[in-house]
Amino acid sequence: MQLDLNLLTALDALLEEGSVAGAAARLHVTAPAMSRSLGRIRKATGDQILVRTGRSMVPTPRALAMRAEVHALVQQAHQLLSAQQELDLAALDRVFTVRWHDALTAACGTALTTAVHHQAPGVRLRLSAEPGTDDAELRRGEVDLESSSSAPTLPDIRHHLVGKDRLVVAVRPGHPLTAGPLSPERYAAAQHLTVSRRGSLRDPIDDALTTRGLERRVVAAGPTAAFALQLALDTDLVVTLPDAVTRTAREQLGLATLEPPLPLPDVPLYLLWHQRYDNDRAHTWLRELATETVQALFAPRPPLNSPSVWRGAPGPEDATPTTSTRSST
């Protein structure tokens, strides 16, 4: 049986108003149109719904029995189709999958999880390991929010530039590069480590050195920033990586941080999601909360006492204005 769901709205109005004229006025249709709708409702239900008693109409027993359910269904339909749904965070029950670069997760995953739990206790976060760029997972809805150092090329993948992170050089305490001014030549002559999920031994730093007629030796590629920082702590390898998202990890390990001796390109940080979530209020809330959490990493810090090096965990006078990212190499 084919049903016109518009009849539910008409039935709700008829049961609430108790008359054809009142229901017609409520729905801004003519009385003859509402009378025809009542006829179709009677045919579909096999019940008179409203019967005339003198000058008024009264609902049948079946109409009285279904009145509350019909009204609830109409209200649910309006909420479902409304473009201006209210978001009740306290009642929100949902699982979000966030796939971020390991350094970004380490830097603000705790803050994001805490903020989400505080505002929406029923929401659960799945912080997914980052296997590599896979826009198909965003398109299939398997990932709700992703980080990237490059803007997407597919038109259905939305993106928001959260900020740009500058690059810094991290070495173990007492490393030879911490003694004296760091020149491009001394920097290039050291042995280096890259951070690359795909094991790339070259990145934009090499291009910057090439323009100065210099070439560095990269002896290893680490899959994560955490691995690279630990390796730098245990060896004489030099790792150059984004400042803001690795600052806490560097401080905890007690690594020395050097200013690069030559201009290096900033690394952008984008948040990515699929267009299906553009008007999803719960997803919009998550995006805004994630943006706020990540941008806290970029809060301005006072300039360094030394223009070239700071070691271990810096105090409030030992920091630098920064921004943040995920490596896409």
Side-chain angles (χ1 to χ4, degrees), residues 1-97 115-126 138-145 155-156 158 273-292:
M1 179 173 58
Q2 294 183 349
L3 293 178
D4 182 355
L5 295 182
N6 288 323
L7 294 181
L8 276 177
T9 302
L11 177 57
D12 182 49
L14 286 164
L15 295 178
E16 289 289 317
E17 298 295 332
S19 73
V20 170
R26 178 173 173 172
L27 297 184
H28 306 289
V29 299
T30 65
M34 181 56 66
S35 182
R36 289 193 294 271
S37 294
L38 177 57
R40 295 171 62 194
I41 292 170
R42 287 169 168 168
K43 182 178 180 180
T45 61
D47 188 85
Q48 288 299 301
I49 303 300
L50 292 175
V51 294
R52 185 166 295 282
T53 302
R55 294 186 177 182
S56 62
M57 302 187 78
V58 296
T60 65
R62 184 177 179 189
L64 289 173
M66 68 170 65
R67 180 163 58 186
E69 186 175 358
V70 168
H71 184 70
L73 286 172
V74 170
Q75 292 302 309
Q76 289 174 19
H78 285 169
Q79 291 175 8
L80 180 65
L81 299 177
S82 173
Q84 298 297 326
Q85 298 180 47
E86 292 296 327
L87 179 63
D88 184 357
L89 290 177
L92 184 61
D93 181 8
R94 189 157 167 181
V95 177
F96 288 106
T97 298
V116 165
H117 181 70
H118 176 73
Q119 296 185 28
V123 169
R124 290 170 289 169
L125 280 184
R126 183 185 292 117
L138 284 172
R139 304 177 92 175
R140 291 193 300 264
E142 296 171 10
V143 172
D144 294 287
L145 194 63
D156 57 335
R158 304 290 195 240
W273 67 95
H274 191 265
Q275 65 180 4
R276 67 161 63 87
Y277 297 122
D278 282 352
N279 298 316
D280 183 320
R281 291 203 169 191
H283 196 280
T284 300
W285 162 76
L286 177 68
R287 297 196 305 267
E288 292 175 350
L289 188 59
T291 299
E292 178 182 333

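Residues: numbered from 1 along the sequence shown.
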Check your understanding: Where is the tightest heavy-atom contact between Val74 and Leu8, given as atom of each residue plus distance?
Key -> CG2-O, 3.6 Å

Check your understanding: Do His71 and Leu15 pass the side chain to side chain contact (heavy atoms under 4.5 Å, CB included) test, and can you show the C-alpha distance, the side-chain angles, and the key distance before you say yes or no?
Key -> CA-CA 9 Å; His71 184 70; Leu15 295 178; over 6 Å; no

Check your understanding: Shortest non-hydrogen contact from Arg276 to Arg140?
Key -> NH1-C, 3.9 Å

Point to revise | Among Thr9, Leu14, Asp12, side-chain contact (heavy atoms from CB on, under 4.5 Å) partner for Arg26 | key: Asp12

Review point. Can Trp285 and Leu92 be said to form a side chain to side chain contact (heavy atoms under 4.5 Å, CB included), step by step?
Key: CA-CA 11 Å; Trp285 162 76; Leu92 184 61; 4.3 Å; yes

Review point. Can you name the closest pair of heavy atoms from Ala24 and Met34 and give their distance?
Key: CB-CB, 3.9 Å

Exercise for review: Test Thr284 against Tyr277 for side chain to side chain contact (heavy atoms under 4.5 Å, CB included), laying out the working first.
Suggested key: CA-CA 7 Å; Thr284 300; Tyr277 297 122; over 6 Å; no

Revision key, fill the gap. Tested for side-chain hydrogen bond (donor to acceptor under 3.5 Å, both in side chains) against Asp280, the lone hit among Arg94, His274, Arg287 is Arg94

Check your understanding: Would you say Arg124's side chain and Pro121's backbone share a donor-acceptor pair under 3.5 angstrom?
Key -> no

Cut-off 3.5 Å, no hydrogens considered: what does the side-chain donor-acceptor table look like for residues 49-65, sequence neighbours left out?
unit_1, atom_1, unit_2, atom_2, d
Ser56, OG, Thr53, O, 3.2
Thr60, OG1, Asp47, OD2, 2.6
Thr60, OG1, Ala63, N, 3.2
Arg62, NH1, Thr45, O, 2.5

Practice item. Write down the atom of Gln48, the atom of Leu38, and the distance for their closest heavy-atom approach. Key: O-CD1, 4.4 Å

Check your understanding: Could you give the distance from CG (Asp278) to CZ (Arg158), rounded to the nearest 0.5 Å?
Key -> 4.5 Å

Review point. Which heavy atom in Asp144 sits nearest to a heavy atom in Val95, and how many Å separate them?
Key: OD2-O, 4.0 Å

**Study point:** Partner set under ring-ring contact (aromatic ring centres under 6.0 Å, His included) for Phe96, not counting sequence neighbours
**Key:** none

